[in-house]
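Report on the structure given below.
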Amino acid sequence: MEASQQNILQKIEGKDPVAEINFTVTLPEWLVEHVQSGSPVCLTQEEKMRFVLELARNNVAEESGGPFAAAVFSLESGELVSAGVNVVVESRCSSAHAEVVALSLAQKAMDSHDLGAEGLPRMVLVSSAEPCAMCMGAIPWSGVKQLICGARDEDVRSVGFDEGAKPLEWVQDFAERGIEVIRDVLREEAAEVLWDYRERGGEIY
């Protein structure tokens, strides 16, 4: 038996593996403090994106995750519902992308798996970059009605990240599902965050 297999068995020996399962993604302390210090009201697309890019820059500067951030806002009032950053490497979880983290926190805050449920305000997801293949699948099921993106897919790939296979007509596909996509909001600034991460020696995965 390989050493790695022995280690796994030792960890679960004497325990009920199912009962011990507890999936948790820990957010950086600075993010929690930043959001708790006051939920901003961002009315314009640029205001929302500037807030998200500030989170992405902090995530790089604090070395607490990848160069990506996202937030969910009320589409009408501009109130912040949730915010997330990429914590894939730190959490040892490939699904801990900024969009997934932000959407999950918003659903918990709204006490609903569907952010488009009756009685809830319309929601917008603001992301520092266009969604990867995984997040592209998560967004339509989340219930948000609008997606605002900063950096383009090609900006992310140029740094070295693997975005996966994505349909070329994804913007149209989203529109057919009732999700408006707005691209290139502060794109240059968003791309700069990606390159800053790479130049600092951040892990590319």
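Pro131 has its side chain within reach of Leu147: a pair of non-hydrogen atoms, C-beta onward, lies under 4.5 Å apart. Side-chain contact between Leu125 and Ser142: absent, with no pair of heavy atoms (C-beta onward) separated by less than 4.5 Å. Considering only heavy atoms from C-beta on, Thr26 stays 4.5 Å or farther from Val87 through its side chain. Counting heavy atoms from C-beta on, the side chains of Trp195 and Pro67 never come closer than 4.5 Å. With a 4.5 Å cut-off on side-chain heavy atoms, Leu55 and Trp30 count as touching. The side-chain heavy atoms of Trp170 and Val181, taken from C-beta on, include a pair separated by under 4.5 Å. Here the side chains of Cys132 and His97 are in contact, with some heavy-atom distance below 4.5 Å. Taking 4.5 Å as the limit, some side-chain heavy atom of Phe68 sits within range of a side-chain heavy atom of Val156.
Atom CD of Glu130 and atom CZ of Arg187 lie 7.5 Å apart (nearest 0.5 Å). Between the CD atom in Gln146 and the NZ atom in Lys48 there is a gap of 7.5 Å [rounded to 0.5 Å]. One distance of note links CD1 of Ile204 with CG of Asp162; it measures 11.5 Å at 0.5 Å rounding. Summarising the geometry, atom NZ belonging to Lys166 is positioned 9.0 Å from atom SG belonging to Cys135; distances are rounded to the nearest 0.5 Å. The CZ atom of Arg198 sits 15.5 Å away from the CZ atom of Arg200 when rounded to the nearest 0.5 Å. Annotation: the span from Glu169 atom CD to Phe174 atom CZ amounts to 13.0 Å, rounded to 0.5 Å.
Nearest heavy atom pair, residue Gly143 against residue Asp114, reads CA-OD1, 3.5 Å. Closest approach of Ser82 and Leu80 over heavy atoms only: O-CD1, 3.2 Å. Contact detail for Ala71 and Phe51: the closest heavy-atom pair is CB-CE2, 4.1 Å.
A donor-acceptor pair is defined here as one N or O able to donate and one able to accept, closer than 3.5 Å; no such pair exists between the side chain of Ser128 and the backbone of Gly150. Checked by atom type and distance alone, the side chain of Asn58 never pairs as donor or acceptor with a backbone atom of Leu31 at under 3.5 Å. Here the side chain of Glu47 pairs a donor or acceptor atom with the backbone of Leu43 at under 3.5 angstrom.
Summarising the local packing, CD of Glu46 is surrounded by more than 12 heavy atoms from other residues, nucleotides or ligands at distances under 6.0 Å. Crowding of Glu188 atom CD: a count of heavy atoms from other residues, nucleotides or ligands under 6.0 Å not exceeding 12. Heavy-atom contacts from other residues, nucleotides or ligands closer than 6.0 Å to CZ of Arg157 number more than 12.
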* Is there a side-chain contact (heavy atoms from CB on, under 4.5 Å) between Val32 and Glu29 once you walk through the steps? -> CA-CA 5 Å; Val32 177; Glu29 288 186 12; 5.7 Å; no

* Apply side-chain contact (heavy atoms from CB on, under 4.5 Å) to Arg57 and Glu189, showing your working. => CA-CA 10 Å; Arg57 290 190 190 96; Glu189 293 180 33; 3.4 Å; yes

* Asked: Does the side-chain contact (heavy atoms from CB on, under 4.5 Å) test come out yes or no for Met123 and Met110, once each step is laid out?
  -> CA-CA 11 Å; Met123 303 285 183; Met110 294 293 101; 3.5 Å; yes

* To do: For the pair Val85 and Ser64, evaluate side-chain contact (heavy atoms from CB on, under 4.5 Å) and give the outcome as yes or no after the intermediate values.
  => CA-CA 9 Å; Val85 292; Ser64 50; 5.6 Å; no

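Ion pairing between Glu76 and Lys145 fails under the 4.0 Å rule for side-chain N and carboxylate O.
The cluster map of Ile, Leu, Val, Met, Phe, Trp and Tyr, joined by side-chain heavy atoms under 4.5 Å apart, puts Ile182 and Leu53 in the same cluster.
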List the atom pairs, donor and acceptor, that lie under 3.5 Å between side-chain atoms in residues 98-108 and the rest of the protein, sequence neighbours left out.
from: Glu99; atom 1: OE2; to: Ser127; atom 2: OG; distance (Å): 3.2
from: Ser104; atom 1: OG; to: Val100; atom 2: O; distance (Å): 2.7
from: Gln107; atom 1: NE2; to: His113; atom 2: O; distance (Å): 3.0

